[in-house]
J.: 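Got a structure here, written out as structure tokens. Questions coming.
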Amino acid sequence: EAYTLEGTTDAREQLDDTTVWEDVATIDVDDTDEPGVLALPALRAEGISAWRVRGNNEHGDGEPSEWTRTEQPDGEAGD
């Protein structure tokens, strides 16, 4: 069983079926050493404007979660 963190650089206000999502990281919850642990380098998240999660297991891929917008650090919004 695993969860894939997907991100998009699409900056439109409302995302839709034309939004392109890319796999950013996969979290393997069956990993016996570090189950469900994710360490994502800041550079890997750079430019991502929204995120969602998709799960998969022995039955296949699940539907993606609702997406959420990335909050910009103070001073960067609207630049």
Side-chain angles (χ1 to χ4, degrees):
E1 187 172 321
Y3 293 94
T4 300
L5 182 62
E6 300 175 331
T8 184
T9 56
D10 190 328
R12 291 178 297 152
E13 185 67 29
Q14 190 61 38
L15 303 180
D16 57 28
D17 291 340
T18 65
T19 302
V20 177
W21 293 91
E22 67 177 75
D23 293 356
V24 177
T26 298
I27 305 158
D28 182 0
V29 296
D30 293 329
D31 183 335
T32 56
D33 293 328
E34 297 184 58
V37 173
L38 171 67
L40 186 65
L43 287 177
R44 186 74 176 110
E46 194 170 285
I48 302 293
S49 60
W51 298 95
R52 68 183 188 181
V53 176
R54 181 184 301 269
N56 64 59
N57 59 25
E58 66 274 4
H59 302 290
D61 291 337
E63 292 294 317
S65 68
E66 294 292 320
W67 58 271
T68 186
R69 190 66 67 189
T70 301
E71 291 186 27
Q72 298 296 321
D74 291 340
E76 288 190 25
D79 286 347

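Below, each value reflects all heavy atoms present in this structure, side chains not excepted, and no hydrogens, waters or symmetry copies.
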J.: Which distance, rounded to the nearest 0.5 Å, do you find between the CZ of Arg69 and the CG of Leu15?
T.: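 Result: 4.5 Å between the selected atoms.
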
J.: How long is the span from the CZ atom in Arg52 to the OG1 atom in Thr4, to the nearest 0.5 Å?
T.: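 Separation between the atoms: 10.5 Å.
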
J.: Can you find a heavy atom in the side chain of Arg54 that is under 4.5 Å from one in the side chain of Asp23?
T.: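 Heavy-atom side-chain distance check fails, nothing below 4.5 Å.
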
J.: Would you check if the side chain of Thr70 reaches a backbone N or O of Ile48 as a donor-acceptor pair within less than 3.5 Å?
T.: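 Side chain of Thr70 to backbone of Ile48, a donor-acceptor pair under 3.5 Å: yes, one is there.
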
J.: Indicate the atoms forming the closest heavy-atom contact of Ala2 with Thr26, along with that distance.
T.: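 Looking at all heavy atoms of both residues, the shortest contact is CB-CG2, 3.9 Å.
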
J.: So, the side chain of Thr68 versus the backbone of Trp51: is there a donor-acceptor pair under 3.5 Å, distance only?
T.: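 Judged by distance alone, no pair lies under 3.5 Å.
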
J.: Please answer: with hydrophobic residues joined when any side-chain heavy atoms are less than 4.5 Å apart, are Val29 and Val24 in the same cluster?
T.: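 They do share one cluster, since a chain of ILVMFWY contacts under 4.5 Å joins Val29 to Val24.
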
J.: Could you tell me which non-hydrogen atom of Thr9 sits nearest to which non-hydrogen atom of Gly47, and how far apart they are?
T.: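 What the structure gives for the nearest pair is CG2-O, 3.2 Å.
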
J.: Quick one: closest heavy-atom pair of Ala50 and Trp67, and the distance?
T.: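 Closest heavy-atom pair between Ala50 and Trp67: CB-CE3, 4.0 Å.
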
J.: Of all heavy-atom pairs between Ala11 and Ser49, which one has the smallest distance, and what is that distance?
T.: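 Ala11 and Ser49 have their closest heavy atoms at N-OG, 4.1 Å.
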
J.: Could you tell me the separation between the CD atom of Glu22 and the CG atom of Leu5, rounded to the nearest 0.5 Å?
T.: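 Result: 10.0 Å between the selected atoms.
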
J.: Starting at OH of Tyr3, measure out to CG of Asp28 and round the result to the nearest 0.5 Å.
T.: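 Here the rounded value is 11.5 Å.
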
